[in-house]
Amino acid sequence: MEPRLKPHQYYSDLYDKHTVEKCRSWEKHTPDIEGLKQTYKDKHPEKEVDENELIRTSNAVTRISLYFIKGNRYLKKEATIREWMQRDERSDKFYESAVAPEDISCLTCGRLMFVSSKIHHSAGLDGKDRVLFFYDCAQEHMPRRAFYDDGEEFRREKSTCPKCKAEVVEEDRSTDEKWFTVVTCPNCDYTDISEIERMVDRSDPDFEKDRERFCLSEKEGQEFMAAKANLEGIGRLMDEIKEKEKNKESYEKIAKLKKLKIIELEELLVPVLEKADYIKLQFKNPEISKDVVVPFVVYEKRPDREGYASSKDLEKLIKKTLQDTNWRLMTDGISYRLGMLEGRLHGYEREEDLLKLVKSK
C-alpha cells in the first residue's frame, strides 16, 4: 500500500486547489439586482433607485469579501497542511504497526490460512481507523476470509429484495462518464439501477493563473495580516468607545474615586478610627495576586463595648469611610477576640474592577 504521507508540496497544491475553487465560486456570484432594488425601495421609499450604483456597490462588496477569503485562506494554510501531514503520518505508523490476528482457519479444509494482503480501512471522520487483513488458503479454497487488526471478522452484509426479502444480484457496469450498479431479484420482478458520475480528470488551463490571483504570496500574506490587525485594532477601539459611552455615568464615578495607595489608606483610616476609640491600627503583609488584599488589626479602647457591638460599629465605620475610595472591606467582615479586631481590605486598581465596584454601589 502506498504511504499516505506525501511531500509538503502535495498538500500545498491541494490546499491551493481548494482556495482557487472557493474563490472562483465566489467571483462567479451574481448579485440579485431585482432583490437589491426591492430591498432599497423598502428602506428608502422616497428615493429613486439607481441601478448602476447598486451594481457598483454589490461588486465592491464582492471584491472586499474575496479579499478576506483569500487572506484568511492564507492565514490557515500552514496550520492546515501541518494537520493533514500529521494525520497521514499517524495513519502510516498505525498501518505499519498493526498486527494480523493469528490462527485463522480455512472454512473448507480447516488448515491455517496465510495473510495475502492488507488495507487501511477508514470509518469516516468520526470513526475508528482499522487495518483489514485478507487471508487465503494454501489449497486455494473459498471463501477467502478477512479480519480487522482487533480480531473482528469482516462480514459483508447481503442485500435483500425490499419486496420479497430474497437475496438480490448486483452487477456493476460503467461508461466513460458514469458508474452503474444494477440490482435484480431472481425471485420477483424487482430491479433498481443506481449511478454515480465519474470524477473525470480534465485539464485546467487557468489553474496556475488563478492560483496567482487567489493564493497570496508570502509578502501579500504579511500585508494582509498587518491590514487585518489594524482593522481589528480599530474595531476594538470603536467597541471601547461605545462601551464607555454606554457606561458614561459609571466612568464619571470612577474618575471621582480616590485612588489610594496603602500608606494613604492608613493615613485616612487612623484619625477616623481613633476618634471612634479604635486604636493602634496595623496592616499585615499584603496578599498579592491579581488583586491586593491587606489584612489589618485594630484594638478596642472602650471597656464597655465588646464582641458583636464592637465589630459591627467598626464595620459600619470602615465602610462609610471608604465608600468614595478604591478600597472595600472584604465580605468576611470583622472578627473580635479580647478587644482585638481583625479584618481584610480589598484594593481595586484595574479599570474593569473599578467599573464593577461603582456599579455595585
Side-chain angles (χ1 to χ4, degrees), residues 1-15 17-18 81 83-204:
M1 176 178 170
E2 182 182 352
R4 290 191 176 187
L5 181 62
K6 305 292 192 300
H8 183 279
Q9 188 60 47
Y10 168 85
Y11 300 95
S12 180
D13 291 342
L14 179 61
Y15 190 90
K17 180 175 181 293
H18 294 330
I81 289 175
E83 181 182 333
W84 287 348
M85 294 184 73
Q86 289 172 349
R87 176 203 61 198
D88 288 349
E89 184 179 20
R90 287 193 303 269
S91 179
D92 286 343
K93 288 180 178 178
F94 172 70
Y95 177 80
E96 292 300 327
S97 64
V99 178
E102 298 179 347
D103 301 327
I104 306 301
S105 300
C106 174
L107 297 176
T108 300
C109 67
R111 291 185 175 88
L112 290 179
M113 305 179 81
F114 65 91
V115 176
S116 57
S117 62
K118 64 178 182 178
I119 61 171
H120 199 133
H121 186 274
S122 178
L125 294 176
D126 300 324
K128 177 184 176 183
D129 279 357
R130 307 160 89 184
V131 175
L132 183 61
F133 294 89
F134 294 92
Y135 294 79
D136 283 325
C137 175
Q139 300 297 315
E140 299 184 356
H141 292 146
M142 291 294 174
R144 300 177 72 197
R145 301 183 72 183
F147 286 80
Y148 293 105
D149 57 286
D150 59 4
E152 179 187 349
E153 184 168 8
F154 170 79
R155 298 180 185 276
R156 183 175 179 181
E157 292 185 5
K158 296 180 179 180
S159 299
T160 56
C161 175
K163 286 187 175 181
C164 66
K165 306 303 178 183
E167 186 176 340
V168 297
V169 176
E170 296 182 0
E171 181 184 359
D172 293 327
R173 303 173 187 173
S174 64
T175 66
D176 291 339
E177 298 294 330
K178 295 179 180 180
W179 283 294
F180 297 90
T181 299
V182 181
V183 180
T184 57
C185 178
N187 195 49
C188 68
D189 60 353
Y190 175 76
T191 302
D192 181 63
I193 300 176
S194 59
E195 60 181 56
I196 302 176
E197 290 189 9
R198 288 178 179 269
M199 298 298 291
V200 182
D201 183 20
R202 298 184 176 90
S203 60
D204 186 351

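The model shown is predicted, which means the values in this text are computed figures rather than measured ones.
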So does Glu102 have more than 12 non-hydrogen atoms from other groups sitting under 6.0 Å from CD? no
Say you draw a straight line from [atom1] of [X] to [atom2] of [Y]; how long is it, rounded to the nearest 0.5 Å?
X: Lys118; Y: Glu96; atom1: NZ; atom2: CD; value: 5.5 Å
X: Gln86; Y: Leu5; atom1: CD; atom2: CG; value: 10.5 Å
X: Met113; Y: Cys106; atom1: CE; atom2: SG; value: 5.0 Å
X: Asp92; Y: His120; atom1: CG; atom2: NE2; value: 8.5 Å
X: Arg4; Y: Ser91; atom1: CZ; atom2: OG; value: 3.5 Å
X: Asp189; Y: Thr184; atom1: CG; atom2: OG1; value: 11.5 Å

Intermediate values then yes/no, salt bridge (Lys or Arg N to Asp or Glu O under 4.0 Å), Glu83 and Arg87: CA-CA 6 Å; Glu83 181 182 333; Arg87 176 203 61 198; over 6 Å; no
Between [X] and [Y], what is the shortest heavy-atom contact and its length?
X: Asp150; Y: Arg130; result: OD2-NH2, 3.1 Å
X: Cys161; Y: Val168; result: N-CG1, 3.4 Å
X: Asp103; Y: Leu112; result: CA-CD2, 3.7 Å
X: Leu107; Y: Arg145; result: CD2-NH1, 3.6 Å

Please assess Met85 against Glu89 for the test side chain to side chain contact (heavy atoms under 4.5 Å, CB included), listing each intermediate value before the final yes or no. CA-CA 6 Å; Met85 294 184 73; Glu89 184 179 20; over 6 Å; no
I'd like a table of donor-acceptor pairs (distance under 3.5 Å, sequence neighbours excluded) in which one partner is a side-chain atom from residues 131-140, with atom names and distances.
residue, atom, partner, partner atom, Å
Tyr135, OH, Pro101, O, 2.6
Asp136, OD1, Arg144, NE, 2.6
Asp136, OD2, Ser116, OG, 3.0

Is there side-chain contact between [X] and [Y], with at least one heavy-atom pair below 4.5 Å?
X: Thr108; Y: Met142; value: no
X: Lys6; Y: Trp84; value: no
X: Pro162; Y: Tyr190; value: yes
X: Thr191; Y: Cys185; value: no

Donor-acceptor contact below 3.5 Å, side chain Ser12 vs main chain His8: no
